[in-house]
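Structure first, commentary second.
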Amino acid sequence: MLQTLRRIVQEVNSTRDLNQVLEIIVQRVKKAISADVCSIYLFDSDEDGFTLMATDGLNAELVGQVTMSHSSGLVGLVAQRTDPLNLDNAQEHPRFELFTSLNEERYHGFTGIPITHHREVLGVLVVQSKSDNRFSQDVVNFLVTIAAQLAGAIINAQASRQIPIYSTQEVSNIRRDYRPMIGQPGSPGVAVGKAVSIASSVSLSAVPDRPAKDVDDEINIFRVALESVRQDIKSLSFQLLSDGLPTEDVAVFDAYLLMLDSNTLIESTISKIETGNWAAGALRETISEHIKLFGEMDNPYLQERAKDIRDLGQSIFNQMEEINELPVDKLSKETIIVAEDISATLLAEIAEANISGIVLKSGSRTSHVAILARAMGIPTVVGVSELPIMQLDGSQLVADGYSGKVYISPPEHIIREYSRLISQEEELSEELKALTDKPATTQDKINIPLYANTGLVADITPSKESGAEGIGLYRTEYPFMIRQRFPGEEEQSEIYREVMESMAPKPVVLRTLDIGGDKSLSYFPIKEDNPFLGWRGIRVTLDHPEIFLIQLRAMLIASIGLNNLHILFPMISTTREVDGAINLLKRACEELLTEGYQVNMPKVGVMVEVPSVVFQMRQIASMVDFVSIGTNDLIQYLMAVDRNNANVAELYDSLNPAVLAAIKVVIDESHKEQIPVSVCGEMAGDPLAAILLLGMPIDSLSTSAASLPRVKWLIRNFTQTEAKELLEKALLMKDAYVIRKMLTDCIEKKGLGGLIRAGR
Ligand code: PEP
Ligand code: MG
């Protein structure tokens, strides 16, 4: 059964057309379990019911014509209960409804399985038999397994239906119900523009379709890549033979060469280029057709060859250098970048082109790419798990970075509405600029200094221009990430000096190297099963004092004469680590003094990111000068939710009462030691959360330059007393939904709705 399941799933995943996907499922499933009928009903929002979309066994002429509501028939019952239904004689069931035109009367045995995706019932998979025996439990288990795996493929195929691919596509046949795709808000703002798909991964299967600029050039690119792979294989095979490898073992390369020379591979790719796709997209289409063909074969040996085809396709693709290049000439103010994920360095490159927005399939609000996008003020939606990247290039998109909605090829009225909201946002930004030199003081005269987060990009100008009262978090990873080796003391010192000098006398908090988790260095790979629970932040630097000392010395040297340096240690989980880090800092300081540098011991702080620190807060606070709460990680560890995983992003909520309670403990315990507390995680820039932090009461906030003016506007429109009252109520509430509702109502009532949604 497992083998059959794998084959069906593989075949379905390599097919894009929804009807074809459904046809494959009904035919293969019917055969696999020897049923007499297999059908799929999918939810249709226009009809508000489940419409027969494919059948092998019933009257196929009625596909698309028969719809069952939630309250009618057995299909409606399965959807209503979201539970499999297995009957020996369907016709005796009180909910049975006969559609004579479907020719159902002959069938008795009935099993219906709900097809669900993220708790939503997409449809129902039904199998029927003439006999009046129930299907076995094994069959039911098989159907449940297949329905669970196919839901994603159905969603993908449904999504692709809305998208015109390139000019050869029959646009008029495309059904448009304009339900937006739902992701997570990544960076506030709204973007209306044309998609430019980027194959961020080096996987051929992730290559987008893109119109061929010049058919002859594209054919040439394909031929050159093919020839180069052919030469590589020949020389490898020759070398292995001369190394003494038996001829039979090297024979596999002959098979590869045969495949490369096969007319179907070459002709099929060229003909796809001729119909308008570029070389990489055409190759992807051809290879996926071949994989499907081999995968369908009954012979296990031939099935295995599907893998060889995939590898070969990938090798050809790797030779097409153009794919790895950013299509810079296509980027403009109207561009919305669409990708699986993008690296920090690529994002920095993209941002220079002044694009309109970003939509990513992976990630969540606190992934580093979202943090960067916010720092750059680029409206971004992340975690759109159904995003059909490959087919979006050139499509009109609307991306709403507040709600996480993405509209693909929307009708004119949606574009008009969002364009209007963009103008309102621009007006609001102008008004917010007027606040740049004003303090973040509440109406009852409490001052909450606002600092800027920076560091993942080289340029700190936006932080300076945002009116920040200093840098509350400088992530030092970036200079490490863009190099081919660890940067030396002098190199680092120059970078830190520039930051501190440009902000002096305002304070600058430099965080020591925080690699591991989702931040890796190409020259220092860390391979772990659970990187977020592994060797991260201070754990790495304490294990490598030589790297740590260079960084600490560089920071101290850079601060000479400025005296605005604060050093912050990331990923602390025990008091021993605090001791260890402070001791190394003292050592660096002493060394430099003996070498004749006039350095001072800076203020030292720890990040609260690990729950163990919350429960030892008073002790830890007594060891340092300041505390900074890194809510991005604290929430991830408190809630056991990977901050980058779109599947569980809904659970990741800074308004969760447990999160609020933990932050309250950190602040109360630190204040008992007269130690000030700041929040430097993304929560500080979320207007709703900032109200509650104000009520805690937090001493300062550090956020991206783009969010800072909005948080300032909010603080200036509240009193701390009001915020305390709201916090008191929130701490008694049961979950984040009610808390969010209370805060949203409050913000709207004050006329500050523009902080949390598109428009003014
Ligand atoms: C945090 O965890 O909240 C934080 C600010 O650090 P980073 O996002 O860099 O992990
Ligand atoms: Mg962190």
Side-chain angles (χ1 to χ4, degrees), residues 8-9 11-30 33 35 37-85 90 95 97 99 101-104 107 110-128 140 142-163 173-182 385-388 391 408:
I8 301 178
V9 172
E11 206 182 332
V12 161
N13 282 340
S14 58
T15 309
R16 281 206 242 148
D17 177 76
L18 179 63
N19 293 332
Q20 250 178 300
V21 164
L22 302 178
E23 277 307 314
I24 294 170
I25 300 174
V26 292
Q27 287 170 16
R28 305 290 183 270
V29 170
K30 181 183 157 210
I33 61 167
V37 175
C38 180
S39 318
I40 292 179
Y41 295 80
L42 288 188
F43 183 68
D44 182 335
S45 53
D46 296 343
E47 301 288 334
D48 197 24
F50 294 87
T51 303
L52 177 70
M53 295 300 288
T55 183
D56 185 354
L58 297 183
N59 181 0
E61 281 175 14
L62 292 189
V63 165
Q65 312 292 322
V66 176
T67 300
M68 322 256 180
S69 76
H70 274 279
S71 54
S72 70
L74 294 173
V75 167
L77 183 64
V78 172
Q80 210 175 31
R81 300 184 340 158
T82 56
D83 205 12
L85 183 66
R95 280 283 295 262
E97 234 174 81
F99 279 85
S101 41
L102 278 176
N103 304 335
E104 265 191 306
Y107 305 110
F110 173 103
T111 298
I113 310 284
I115 305 171
T116 57
H117 186 70
H118 288 309
R119 300 184 194 180
E120 200 186 324
V121 180
L122 300 179
V124 178
L125 173 68
V126 173
V127 293
Q128 291 170 279
V140 175
F142 170 78
L143 294 173
V144 169
T145 315
I146 206 146
Q149 294 218 30
L150 294 174
I154 292 176
I155 284 272
N156 276 336
Q158 272 178 329
S160 319
R161 271 204 151 187
Q162 299 183 12
I163 307 154
N173 289 341
I174 297 161
R175 184 173 154 242
R176 293 151 185 264
D177 56 8
Y178 298 110
R179 271 203 307 168
M181 286 190 182
I182 308 289
S385 46
E386 281 91 45
L387 194 71
Q391 296 124 278
I408 297 168

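Numbering of residues begins at 1 and proceeds along the displayed sequence. Remember, it's a predicted structure, so these values are computed and weren't measured experimentally.
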(Q) If I take atom CG from residue Leu387 and atom CE from residue Met181, how far apart are they, to the nearest 0.5 angstrom? (A) 6.5 Å

(Q) Going by the rule side-chain hydrogen bond (donor to acceptor under 3.5 Å, both in side chains), which residues pair with Ser72 if we only count those two or more places apart in sequence or in a different chain? (A) Ser69

Q: Please report the closest heavy-atom contact between Ala90 and Phe110, naming both atoms and the distance.
A: CB-CB, 3.6 Å

Q. What residues form a side-chain contact (heavy atoms from CB on, under 4.5 Å) with Ala79, not counting sequence neighbours?
A. Phe50, His70, Val121, Val124

Q: Can you run down the salt bridge (charged side-chain N to carboxylate O under 4.0 Å, His left out) pairs that involve residues 50-60, sequence neighbours left out, and say none if there aren't any?
A: Lys30-Asp56

Q) If every non-hydrogen atom of Pro84 is compared with every non-hydrogen atom of Pro114, which pair is closest and at what distance? A) N-CD, 3.9 Å

Q: For Ser39 and Thr55, work out which heavy atoms get closest and say how close.
A: OG-OG1, 3.0 Å

Sequence neighbours excluded and cut-off under 3.5 Å, please list the side-chain donor-acceptor pairs for residues 58-68, or say none.
residue: Asn59; atom: OD1; partner: Glu61; partner atom: N; Å: 3.0
residue: Asn59; atom: ND2; partner: Ser101; partner atom: O; Å: 3.0
residue: Thr67; atom: OG1; partner: Thr51; partner atom: OG1; Å: 2.9

**Q.** Val78 side chain near Ile113 side chain, heavy-atom distance below 4.5 Å
**A.** no

(Q) I'd like to check the side-chain contact (heavy atoms from CB on, under 4.5 Å) partners of Arg95; sequence neighbours left out, ordered by chain and number. (A) Leu74, Leu77, Gln80, His93

Q.
With heavy-atom distances below 4.5 Å as the criterion, would you say the side chains of Ile146 and Ile8 are in contact?
A. yes

Q.
If I take atom CD1 from residue Ile40 and atom CD1 from residue Ile115, how far apart are they, to the nearest 0.5 angstrom?
A. 5.0 Å

**Q.** Pairing residues for His117 by the side-chain contact (heavy atoms from CB on, under 4.5 Å) criterion, not counting sequence neighbours
**A.** Leu122, Ala151, Ile155, Glu386

Q: Kindly indicate whether the side chain of Leu125, heavy atoms from C-beta on, has any atom under 4.5 Å from the side chain of Tyr41.
A: no

Q: Name all residues meeting the salt bridge (charged side-chain N to carboxylate O under 4.0 Å, His left out) criterion together with Glu97; count only those two or more places apart in sequence or in a different chain, and write none if there are none.
A: none

Q: Give me the one residue out of Leu143, Ile25, Val26 that meets side-chain contact (heavy atoms from CB on, under 4.5 Å) with Cys38.
A: Val26

Q: Write out all pairs satisfying salt bridge (charged side-chain N to carboxylate O under 4.0 Å, His left out) with one or both partners inside residues 62-81, taking only residues at least two apart or from two chains.
A: Arg81-Asp83

